Amino acid sequence: MSQTRRTDVAVIGAGTAGMAAYRAVKAAGLSALLIEGGPYGTTCARVGCMPSKLLIAAAEAAHHARHTAPFGVHVDGPIRIDGHQVMERVKSERDRFVGFVLDSVNGIPTSDRLRGYARFIGNTQLQVGDNTVVEASRVVIATGSSAVVPDMYAGLGDRAIINDDVFAWDTLPDSVLVVGPGVIGLELGQALARLGVRVTVLGRSDGLAGISDPAVRGSAFQAFSAEFPLCLNAEVSSVERSDQGVRVQYRDRRGQHTEHYDYVLLAVGRRPNVAGLGLENTLAELDDRGMPAFNRQTLQLDGVPVFLAGDVNAQWPLLHEAADDGRIAGQNAAAYPAVSAGTRRAPLSVVFTDPQVMHAGLRFNQLPDRGVVIGEVDFADQGRSRVMLKNRGLLRVYAEQQTGRFLGAEMVGPAAEHLGHLLSWACQQGMTISQMLDMPFYHPVIEEGLRTALRDANRQISA
């Protein structure tokens with residue numbers, strides 16, 4: 001029997017952005033309905049941030065055990081990696097994190113939750129499943145994104161996998177070809193390689209982990225290619241299933257190669273989940289991919305009281321940005337038509353490889369053409385880094401020459417996750433290089449490398 005539900009704001013998707021939007025609407029005193037057709041539990045908890053870091057932690061343990069000899073500490077005999085135990089812990093802890101998300105969802109009144117996939121049948125009218133119509137005044141779309149699987153890999157069946165599939169493994173395979181050296185591909189590729197899996201990582205261009213600074217990218221390539229085959233500017237010419245798993249032919253600067261792998265892990269990008277939403281039934285303006293035009297400050301779709309939050313808007317596919325998106329979209333949906341630009345934090349991203357990669361504030365490719373100074377430090381000879389044998393990588397900081405204002409930084413190197421926070425905070429506070437140098441620096445710490453880069457920039461500002 002069909003039913004009609006009425007609400008001030010309907011939120012499609014119960015992930016990080018959707019939950020934040022729901023909470024913002026409720027905080028404004030309006031009614032909200034949270035609609036979800038898939039499993040509860042955010043992408044981060046189920047198949048993203050948390051399980052990948054669990055796999056990386058196991059890989060780091062194996063790597064450290066293999067590299068104690070330079071300290072005079074010798075582990076006699078081979079290091080044994082039990083793939084079943086590795087994946088048991090990954091899945092067990094992953095389920096624990098998902099449990100926390102489910103507890104949060106279960107804390108929402110059942111009257112505010114609706115199970116089923118939503119489809120627009122009007123500007124703010126939704127068909128949910130077969131039997132429910134939702135009449136809302138405003139809608140927030142927070143349906144996330146999905147990994148792209150190029151057509152040429154479709155014939156591989158279950159031998160072509162995405163990051164979601166890795167965390168369903170019961171044990172580790174013998175070999176994996178990773179296609180795509182972005183954040184996901186590089187994190188998982190290095191982790192698998194350190195856990196004893198034969199790994200090759202291929203990229204069609206010279207892009208690496210989202211690094212735009214060519215000097216930093218060169219340092220990163222040198223570090224990662226020393227651990228496993230990392231083939232940039234490569235092209236896969238053919239893939240086919242074989243008795244050994246997958247037969248792959250590809251060409252790089254060294255020539256043509258034919259190799260066999262158990263799996264091909266596709267990490268070539270993600271696509272916003274807008275297909276099937278029925279946005280063509282609204283007055284929203286759609287491009288040829290079905291993506292709606294929207295205001296990037298207010299997150300409102302052009303011409304309709306609908307808001308796009310989180311990975312589905314393809315702006316910043318990061319958990320903290322998704323949470324901010326949800327808050328902004330929820331607040332604007334509640335305040336509609338009095339929408340406003342949302343408050344944004346200074347940009348910050350981290351890639352949990354070893355060495356880590358980070359950017360804070362402006363990236364190199366976002367800098368003005370003129371009036372910028374660049375300070376840098378090479379970690380090869382940085383004191384604390386050498387003590388720990390983590391002395392790989394490069395940090396470059398960018399500043400406005402006339403005012404000395406810190407603009408941003410890109411880095412590959414040790415403790416980048418921590419330096420990234422310091423730098424993003426400085427960026428958000430609008431600090432100058434001189435003010436940053438007035439801050440305390442302990443000894444001996446990796447942060448002294450940051451001070452070296454800041455001093456380099458300050459000399460150029462003062463010149």
Side-chain angles (χ1 to χ4, degrees), residues 37-39 41 43 45-48 51-52 54-56 58-59 81-84 86-88 90-91 94-95 98 117 143-205 228-231 234-252 256-276 289-290 311 317:
T43 294
R46 287 189 297 104
V47 294
S52 67
L54 287 161
L55 192 70
I56 289 168
I81 297 170
D82 187 319
H84 287 282
V86 169
M87 296 311 301
E88 279 179 6
V90 168
K91 291 192 285 188
R94 182 270 314 272
D95 292 346
V98 170
Y117 290 99
T143 48
S145 63
S146 299
V148 172
V149 179
D151 292 341
M152 74 177 298
Y153 298 96
L156 299 182
D158 61 2
R159 294 291 170 170
I161 60 172
I162 59 175
N163 60 292
D164 303 36
D165 302 314
V166 170
F167 308 118
W169 283 342
D170 292 325
T171 190
L172 296 170
D174 291 327
S175 58
V176 175
L177 173 67
V178 179
V179 180
V183 174
I184 293 172
L186 205 58
E187 283 187 351
L188 293 181
Q190 184 182 50
L192 292 171
R194 289 185 166 188
L195 288 167
V197 179
R198 179 173 62 87
V199 169
T200 301
V201 179
L202 299 182
R204 293 189 62 179
S205 68
F228 51 84
L230 175 57
C231 308
E235 185 169 358
V236 177
S237 51
S238 70
V239 291
E240 60 183 7
R241 290 196 67 141
S242 67
D243 293 339
Q244 296 103 319
V246 181
R247 180 177 180 271
V248 181
Q249 289 187 317
Y250 68 92
R251 174 176 290 278
D252 64 6
Q256 186 77 21
H257 308 272
T258 300
E259 297 194 39
H260 290 84
Y261 299 90
D262 290 335
Y263 294 97
V264 176
L265 171 57
L266 298 168
V268 295
R270 298 184 67 84
R271 179 182 294 115
N273 291 332
V274 294
R289 300 168 300 154
D311 288 4

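Computed from a predicted model, the values in this text were never measured in an experiment.
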Is there side-chain contact between Glu259 and Tyr250, with at least one heavy-atom pair below 4.5 Å? yes
Using the test salt bridge (Lys or Arg N to Asp or Glu O under 4.0 Å), find all partners of Asp151 that sit at least two apart in sequence or belong to another chain. none
Looking at OH of Tyr263 and OG of Ser175, how far apart are the two atoms once the value is rounded to the nearest 0.5 Å? 10.0 Å
Say you draw a straight line from CG of Leu195 to CD of Gln190; how long is it, rounded to the nearest 0.5 Å? 10.5 Å
Note: Arg46-Asp164 ion pair, threshold 4.0 Å (strictly below): no
Per side chain to side chain contact (heavy atoms under 4.5 Å, CB included), Leu172 is matched among Asp82, Val197, Val166, Asp262 by Val197
Are the side chain of Arg159 and the backbone of Val246 linked by a donor-acceptor contact shorter than 3.5 Å? no
For Ser146 and Asn273, the nearest pair of non-hydrogen atoms, with its separation, is OG-OD1, 2.6 Å
Residues in side-chain hydrogen bond (donor to acceptor under 3.5 Å, both in side chains) contact with Arg271, at least two apart in sequence or another chain: none
Check salt bridge (Lys or Arg N to Asp or Glu O under 4.0 Å) between Arg251 and all other residues, then give those that pass, not counting sequence neighbours. none
Could you check Val236 against Met152 for side chain to side chain contact (heavy atoms under 4.5 Å, CB included), going step by step and ending with a plain yes or no? CA-CA 10 Å; Val236 177; Met152 74 177 298; 3.8 Å; yes
Looking just at side-chain N and O atoms, do Ser242 and Arg247 make a donor-acceptor pair shorter than 3.5 Å? no
Indicate yes or no for a side-chain donor-acceptor contact from Asn163 to the backbone of Val47 under 3.5 Å, with no hydrogens or angles considered. yes
What is the minimum heavy-atom distance between Leu192 and Trp169, and which atoms define it? CD2-CZ3, 3.9 Å
Are the side chain of Ser237 and the backbone N or O of Gln249 linked by a donor-acceptor pair below 3.5 Å? yes
Go through it in stages, so that I can follow the logic: the residues are Val86 and Leu55, the test is side chain to side chain contact (heavy atoms under 4.5 Å, CB included), and I'd like the CA-CA distance, side-chain angles, deciding distance and then a yes or no. CA-CA 7 Å; Val86 169; Leu55 192 70; 4.1 Å; yes
Answer yes or no: are there more than 12 heavy-atom neighbours, outside Arg241 itself, under 6.0 Å from its atom CZ? yes
Tell me the closest heavy-atom pair linking Tyr261 and Val176, and the distance in Å. CD2-C, 3.6 Å
